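Got a structure here, written out as structure tokens. Questions coming.
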Amino acid sequence: MKPLDKVAEAYYGGMGDQFSRKTRDRIHWTCSKVAGRNVLDIGCSQGIAELILAREGKTVVGIDIEESVIHYANETLDNQSDSVKKNVKYFVSSVFDFECDIKFDTVILTEVMEQFTSSAALLEKVKSFLVENGTIVITVPFGINDYFDHKKTYYMLDLLEELEPYFVINEIKFFGKWIGVVGRNVTPTSSFEFSRDLIRKLEEAFFTIERSTVDDLNAKLKQIEQLNARFNESKEKLMALQKDNGKLFQENEKLKVSITQSEESSIRHSNSKDHEKVRELEKMISVLEKKLETKNKELLSRFDSEEQTLKKYKESLFDYNQLEAKYANVSKKYNLLSNAKLGRLTLNYWKYRKRIPRDF
């Protein structure tokens, strides 16, 4: 079973302000595109959209294959007003097992398509739930998203090519790392036409992702530099401690030899002065042993600190390699766009407008 989705936690601000704002924007946009009264939300997760739409007078059915998220959604629904409760129903079901006597005015399909290796059967089933000329609202991750149950990567053309046999596309929306699409359940008669404005929005989306990736990359590089500096500083302190430890050990060994010699001399001569010297040497050894113990503890503590520093250093290197791979992939996709005829025209336009350098 996959981990519990945390859409509600993100929506209500529990996962950081920036992430919560992006989540709310996406959910609110999805709800704003709903048409008609009867709505089906496939892959509803914790049921946030259902509550929003029910408060607006919609009748909403939410289905999800995960029992845990439906349990959470029903617990939340129990705390709502009666008017909301009567307009919402949740079911534990896959899209292929779900059956209903009515057809819906709108079907919501958010962050679902990327979990299928092939979307044909899914889209056929979704289409069967819609009334003629009904509305379909879809969102998918835009570009690389290495979440463990995502089976494909979507860019704009990938998504449109899969949807066009089933729906007429009316609107495309970019949300940074997500794409939103609104379509209608009518027989497509032509392909979606690309406007200059849409290409501009696509390039802006690429720029946003690339800017974020470069910023993350630079932040990781800075963190690696800081860890390197800390590592070198700790290494120098460690070497100094080892040197001090060696000196203390040598002094201790010399004192042990001296006290042994004094004891032997005391036995031979029974001299009280030798006894006093032995006691003094014993005290000195005791003091040195305590110092040695303190230094050893400090040395062990320094070793632990170094181990933690090296661990963070390795993690940063791993993150750096991941970001570098993502940056390479984004650059490749951007280059492919630039090599297309329409892409070159767009780039020349932006060079003319001085939005990008002429030697870009």
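Note that this is a predicted model, so its numbers are computed, not measured.
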Subject >> Listed partners of Thr106 passing side chain to side chain donor-acceptor pair (under 3.5 Å), at least two apart >> reply: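 By the side chain to side chain donor-acceptor pair (under 3.5 Å) rule, Thr106 matches no residue at all.
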Original post:
So how far is it from Arg24 CZ to Ile52 CD1, rounded to the nearest 0.5 Å?
Top reply: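 Answer rounded to 0.5 Å: 10.5 Å.
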Original post:
Is there a side chain to side chain contact (heavy atoms under 4.5 Å, CB included) between Phe116 and Leu123 once you walk through the steps?
Top reply: CA-CA 11 Å; Phe116 289 78; Leu123 294 174; over 6 Å; no
Subject >> Listed partners of Tyr154 passing ring-ring contact (aromatic ring centres under 6.0 Å, His included), at least two apart >> reply: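 Residues passing ring-ring contact (aromatic ring centres under 6.0 Å, His included) with Tyr154: none at all.
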Original post:
If you group Ile, Leu, Val, Met, Phe, Trp and Tyr whenever their side-chain heavy atoms sit less than 4.5 Å apart, what else falls in with Val168?
Top reply: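 When side chains under 4.5 Å apart are linked, the cluster holding Val168 also contains Val186.
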Subject >> Hphob cluster co-occupancy, Ile169 + Val34, side-chain heavy atoms under 4.5 angstrom >> reply: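 Result: no, two separate clusters.
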**OP:** Please round to the nearest 0.5 Å and tell me the distance separating atom CH2 of Trp178 and atom CZ of Phe142.
**Re:**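 That separation rounds to 12.5 Å.
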**OP:** Mind checking side chain to side chain donor-acceptor pair (under 3.5 Å) for Asn185 and listing every partner two or more places apart, or none if nothing turns up?
**Re:**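 Per chain and number, Asn185 pairs via side chain to side chain donor-acceptor pair (under 3.5 Å) with Lys127.
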**OP:** Could you walk me through whether Val181 and Leu159 pass side chain to side chain contact (heavy atoms under 4.5 Å, CB included), step by step?
**Re:** CA-CA 9 Å; Val181 172; Leu159 183 58; 3.4 Å; yes
Subject >> Contact list for residues 72-89, test salt bridge (charged side-chain N to carboxylate O under 4.0 Å, His left out), sequence neighbours left out >> reply: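 Output for this query is empty, none listed.
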**OP:** Could you tell me whether the side chain of Asp105 and the main chain of Asn38 form a donor-acceptor pair under 3.5 Å?
**Re:**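 Yes, because the side chain of Asp105 sits within donor-acceptor range (under 3.5 Å) of the backbone of Asn38.
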Atom pairs and distances, side-chain donor-acceptor, residues 94-101, under 3.5 Å, sequence neighbours left out:
residue : atom : partner : partner atom : Å
Ser94   : OG   : Phe96   : N            : 3.4
Ser94   : OG   : Asp97   : N            : 3.2
Ser94   : OG   : Asp97   : OD2          : 3.1
Glu99   : OE2  : Lys125  : NZ           : 3.4

Subject >> Lys33: salt bridge (Lys or Arg N to Asp or Glu O under 4.0 Å) partners, not counting sequence neighbours >> reply: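 Applying salt bridge (Lys or Arg N to Asp or Glu O under 4.0 Å) to Lys33 gives Glu171.
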Original post:
If only atom types and distance count, is the side chain of Tyr90 paired as donor or acceptor with the main-chain N or O of Val61 below 3.5 Å?
Top reply: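 Here the side-chain-to-backbone pair does not exist.
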Original post:
If two hydrophobic side chains count as joined below 4.5 Å and joins carry through other members, does Ile108 share a cluster with Phe91?
Top reply: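 Unlinked, Ile108 and Phe91 end up in two clusters.
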Subject >> Considering all heavy atoms, the nearest Ile70-Cys44 contact >> reply: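 The answer is CD1-SG, 3.7 Å.
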Original post:
How would you list all residue pairs meeting salt bridge (charged side-chain N to carboxylate O under 4.0 Å, His left out) that involve residues 34-55, not counting sequence neighbours?
Top reply: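 Of all non-adjacent pairs touching residues 34-55, none passes salt bridge (charged side-chain N to carboxylate O under 4.0 Å, His left out).
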Subject >> Criterion side-chain hydrogen bond (donor to acceptor under 3.5 Å, both in side chains) on Gln46 and Thr76, from CA distance to verdict >> reply: CA-CA 9 Å; Gln46 294 173 311; Thr76 304; over 6 Å; no
**OP:** Give the C-alpha distance, both sets of side-chain angles, the deciding distance and a yes or no for side chain to side chain contact (heavy atoms under 4.5 Å, CB included) between Val112 and Leu122.
**Re:** CA-CA 9 Å; Val112 174; Leu122 170 66; 4.3 Å; yes
Subject >> Heavy-atom closest contact (Ala54 atom, Val88 atom, distance) >> reply: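 Scanning both residues, the minimum pair turns out to be CB-CG2, 3.4 Å.
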Subject >> Taking every non-hydrogen atom, the tightest pair across Met113 and Ser119 >> reply: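 Heavy atoms only, the tightest pair is CE-CB, 4.0 Å.
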Original post:
Listed by chain and number, what are the ring-ring contact (aromatic ring centres under 6.0 Å, His included) partners of His28, not counting sequence neighbours?
Top reply: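 Scan of His28 (ring-ring contact (aromatic ring centres under 6.0 Å, His included), adjacent residues dropped) gives Tyr11.
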Original post:
Which pair of non-hydrogen atoms, one from Pro141 and one from Glu111, has the smallest distance, and what is that distance?
Top reply: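 That would be CD-CG, 4.5 Å.
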**OP:** Would you please name every residue forming a side chain to side chain donor-acceptor pair (under 3.5 Å) with Arg184, sequence neighbours left out?
**Re:**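 Side chain to side chain donor-acceptor pair (under 3.5 Å) list for Arg184, sorted by chain: Asn133, Asn170.
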Original post:
Mind checking what makes side chain to side chain donor-acceptor pair (under 3.5 Å) contact with Ser81, not counting sequence neighbours?
Top reply: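 Partners of Ser81 by the side chain to side chain donor-acceptor pair (under 3.5 Å) criterion, ordered by chain and then number, come out as Ser83.
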Subject >> OG-CD distance between Ser93 and Glu67, expressed to the nearest 0.5 angstrom >> reply: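 Spacing of OG (Ser93) from CD (Glu67) equals 12.5 Å.
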**OP:** For Lys152, check salt bridge (Lys or Arg N to Asp or Glu O under 4.0 Å) against everything at least two apart and list the hits.
**Re:**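 Lys152: salt bridge (Lys or Arg N to Asp or Glu O under 4.0 Å) contacts with Glu162.
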**OP:** Output the distance between atom OG1 (Thr110) and atom CD1 (Ile138), rounded to the nearest 0.5 Å.
**Re:**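 Taking OG1 in Thr110 and CD1 in Ile138, the distance rounds to 10.0 Å.
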**OP:** Please round to the nearest 0.5 Å and tell me the distance separating atom CZ of Phe175 and atom OG1 of Thr23.
**Re:**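 Going from CZ on Phe175 over to OG1 on Thr23, the span is 11.5 Å.
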Subject >> Linked, directly or transitively: Val140 and Val126 (ILVMFWY side chains, under 4.5 Å) >> reply: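 In one cluster with Val140: Val126, yes.
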Subject >> Euclidean distance, Phe104 CZ relative to Thr135 OG1, rounded to 0.5 Å >> reply: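 Rounded to the nearest 0.5 Å, the OG1-CZ separation comes out at 14.0 Å.
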Original post:
Closest approach of Asp158 and Tyr155, non-hydrogen atoms and distance?
Top reply: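 Nearest heavy atoms, Asp158 then Tyr155: OD2-N, 3.0 Å.
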